[in-house]
Student: 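Input: one structure, supplied below.
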Amino acid sequence: MLPANAEMLIKQVLQVEIEVKPTQYSSHIVIQGSKALETLNQLSVKDKNSIIKTYNAINESLGDDSICKGGSFSIDPAYHYKEGKRIQAGFKTHYTLSCEFVESQRQTFNAILDKIQAEVEKNAYLTFPIPNVQLGVDENTFKESDSALNEKLLTLALQKAKEYSALTRRKCSIKEINLGAQNEVMPVALKAVRAASDSSANTLESIAMPTAKDTQKTLRGNVIFTCK
């Protein structure tokens, strides 16, 4: 038995959870070379310029405040190896955009896809795969959830100190609290699907956005209580 004036230490791992609602969509748009480009032995300056003009037209249509950023691209020879020798096998090209948007900007995103599709259709050397769309938690919400978790863990620790005071009939308080690593909120990656609509045959049908349940985020902390 401890002397009446001896300090009692209680070590405990506490855990708290909160629900975080995913509200931000993200998509990585890619334009690639077509089979026609992959089978060319030579790519003339005129043909290179036609590809560059397509990319420039897409970039110019976006504007500085667009939900999609990037627009970098490359046009390079493609090679394969045969009997240890490098042999050119056509050409390849790659164009990328990164898009972030919320539900209210869904139509803007679909309009951007329509514009890209319209430009790519004019160029036989390019192809535009339907992009994936992910639903996740935006950076501000993620940071706010960190703060909320810290407050919730501290509140729980203070409540535990009161419970230990009543149990031990001593005055218990938090001597040390170390916050552990929280679980990351993983975006829900779903293939963008085409929604049924009466859209023109020359435009893409609207992309139906993925849905996801609220994600649980957890924080664990090592707490040392002192009771005197």
Side-chain angles (χ1 to χ4, degrees), residues 21-78 89-142 185-212:
K21 186 176 183 63
T23 59
Q24 180 168 283
Y25 299 102
S26 61
S27 182
H28 187 63
I29 293 175
V30 175
I31 299 174
Q32 301 170 337
S34 66
K35 291 293 184 182
L37 185 66
E38 294 173 357
T39 56
L40 286 180
N41 292 323
Q42 291 185 340
L43 187 63
S44 68
V45 173
K46 179 181 178 181
D47 289 336
K48 288 180 181 177
N49 284 338
S50 73
I51 296 174
I52 293 172
K53 287 179 180 178
T54 298
Y55 293 153
N56 285 344
I58 295 170
N59 288 343
E60 290 169 2
S61 70
L62 295 175
D64 294 335
D65 59 347
S66 175
I67 61 173
C68 297
K69 305 293 183 183
S72 62
F73 62 87
S74 62
I75 306 172
D76 302 295
F91 290 81
K92 59 184 179 180
T93 184
H94 193 77
Y95 170 98
T96 60
L97 280 176
S98 294
C99 307
E100 292 185 348
F101 58 100
V102 294
E103 176 64 27
S104 61
Q105 297 170 309
R106 182 179 62 178
Q107 294 305 318
T108 300
F109 175 70
N110 282 319
I112 290 173
L113 297 186
D114 284 341
K115 174 63 177 178
I116 293 173
Q117 179 66 27
E119 292 295 337
V120 168
E121 284 183 347
K122 301 175 187 177
N123 197 314
Y125 296 134
L126 300 177
T127 183
F128 175 41
I130 299 297
N132 285 344
V133 178
Q134 293 181 324
L135 176 58
V137 179
D138 67 87
E139 185 176 353
N140 289 335
T141 301
F142 197 87
V185 177
M186 301 301 295
V188 178
L190 298 176
K191 182 72 175 181
V193 295
R194 298 190 179 194
S197 68
D198 297 325
S199 59
S200 167
N202 295 322
T203 62
L204 290 175
E205 295 186 6
S206 296
I207 299 298
M209 296 298 108
T211 59

Student: Name all pairs fulfilling the disulfide bond (SG atoms under 2.5 Å apart) condition that reach into residues 95-133, sequence neighbours left out, sorted by first residue then second.
Tutor: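 Disulfide bond (SG atoms under 2.5 Å apart) check on residues 95-133 returns Cys68-Cys99.
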Student: Working to the nearest 0.5 angstrom, can you tell me the gap between Thr23 OG1 and Leu135 CG?
Tutor: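 The OG1 atom of Thr23 sits 7.5 Å away from the CG atom of Leu135.
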Student: For the OH atom of Tyr55 and the CG atom of Asn123, what is their distance to the nearest 0.5 Å?
Tutor: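 Spacing of OH (Tyr55) from CG (Asn123) equals 8.0 Å.
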Student: May I have all residue pairs that pass salt bridge (Lys or Arg N to Asp or Glu O under 4.0 Å) and include part of residues 36-56, sequence neighbours excluded?
Tutor: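 Every pair satisfying salt bridge (Lys or Arg N to Asp or Glu O under 4.0 Å) with a residue in residues 36-56: Lys35-Glu38.
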Student: With sequence neighbours left out, what residues match Glu119 under side-chain hydrogen bond (donor to acceptor under 3.5 Å, both in side chains)?
Tutor: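 Partners of Glu119 by the side-chain hydrogen bond (donor to acceptor under 3.5 Å, both in side chains) criterion, ordered by chain and then number, come out as Lys115.
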Student: List, one per line, each side-chain donor-acceptor pair under 3.5 Å for residues 57-64, sequence neighbours excluded.
Tutor:
unit_1	atom_1	unit_2	atom_2	d
Asn59	OD1	Tyr95	OH	2.6
Asn59	ND2	Gly71	O	3.2
Ser61	OG	Ile58	O	2.6

Student: Between atom CZ of Phe91 and atom CG of Leu43, what is the distance when rounded to the nearest 0.5 Å?
Tutor: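 If we round to the nearest 0.5 Å, Phe91:CZ and Leu43:CG are 5.0 Å apart.
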Student: Starting at CZ of Phe109, measure out to OG of Ser66 and round the result to the nearest 0.5 Å.
Tutor: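 If we round to the nearest 0.5 Å, Phe109:CZ and Ser66:OG are 10.5 Å apart.
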Student: What pairs with Lys122 under side-chain hydrogen bond (donor to acceptor under 3.5 Å, both in side chains), at least two apart in sequence or on another chain?
Tutor: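 Lys122 satisfies side-chain hydrogen bond (donor to acceptor under 3.5 Å, both in side chains) with no other residue.
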Student: Mind listing the closest non-hydrogen atom pair of Ser34 and Ala124 along with its distance?
Tutor: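 Answer, listing the atom of Ser34 first, then Ala124: OG-O, 2.6 Å.
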Student: For Thr127, enumerate each residue passing the side-chain hydrogen bond (donor to acceptor under 3.5 Å, both in side chains) test, keeping only those at least two apart in sequence or located in another chain.
Tutor: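 Result, side-chain hydrogen bond (donor to acceptor under 3.5 Å, both in side chains) vs Thr127: none returned.
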Student: Between Ile31 and Phe73, does the side chain to side chain contact (heavy atoms under 4.5 Å, CB included) criterion hold? Intermediate values first, please.
Tutor: CA-CA 9 Å; Ile31 299 174; Phe73 62 87; over 6 Å; no
Student: How many angstroms lie between atom CD of Gln32 and atom NZ of Lys92, to the nearest 0.5 angstrom?
Tutor: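 Here the interatomic distance stands at 11.5 Å.
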Student: Could you walk me through whether Ile29 and Leu113 pass the side chain to side chain contact (heavy atoms under 4.5 Å, CB included) test, one step at a time?
Tutor: CA-CA 9 Å; Ile29 293 175; Leu113 297 186; 3.7 Å; yes
Student: Judged by atom type as modelled, is there a donor-acceptor pair below 3.5 Å linking the side chain of Ser98 to the main-chain atoms of His28?
Tutor: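 No: the side chain of Ser98 does not pair with the backbone of His28.
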Student: What is the distance from atom OG of Ser26 to atom CD1 of Ile67, rounded to the nearest 0.5 Å?
Tutor: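 Result: 11.0 Å between the selected atoms.
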Student: Using the side chain to side chain contact (heavy atoms under 4.5 Å, CB included) criterion, which residues pair with Ser74? Sequence neighbours excluded.
Tutor: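 Checked Ser74 against side chain to side chain contact (heavy atoms under 4.5 Å, CB included); matches are Asp76, His94.
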Student: Can you find a heavy atom in the side chain of Ser72 that is under 4.5 Å from one in the side chain of Thr96?
Tutor: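 The answer is yes, as the side chains (C-beta and beyond) meet within the 4.5 Å cut-off.
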Student: Side chain to side chain donor-acceptor pair (under 3.5 Å) for Thr54 and Tyr125? Distances and angles first, verdict last.
Tutor: CA-CA 10 Å; Thr54 298; Tyr125 296 134; over 6 Å; no
Student: Please identify each residue that fulfils side-chain hydrogen bond (donor to acceptor under 3.5 Å, both in side chains) with Thr141, with sequence neighbours left out.
Tutor: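 Thr141: side-chain hydrogen bond (donor to acceptor under 3.5 Å, both in side chains) contacts with Asp138.
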Student: If you compare all heavy atoms of Leu126 against all heavy atoms of Ile51, which two are closest, and at what distance to 0.1 Å?
Tutor: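 Heavy-atom minimum between the residues: CD2-CG2, 4.0 Å.
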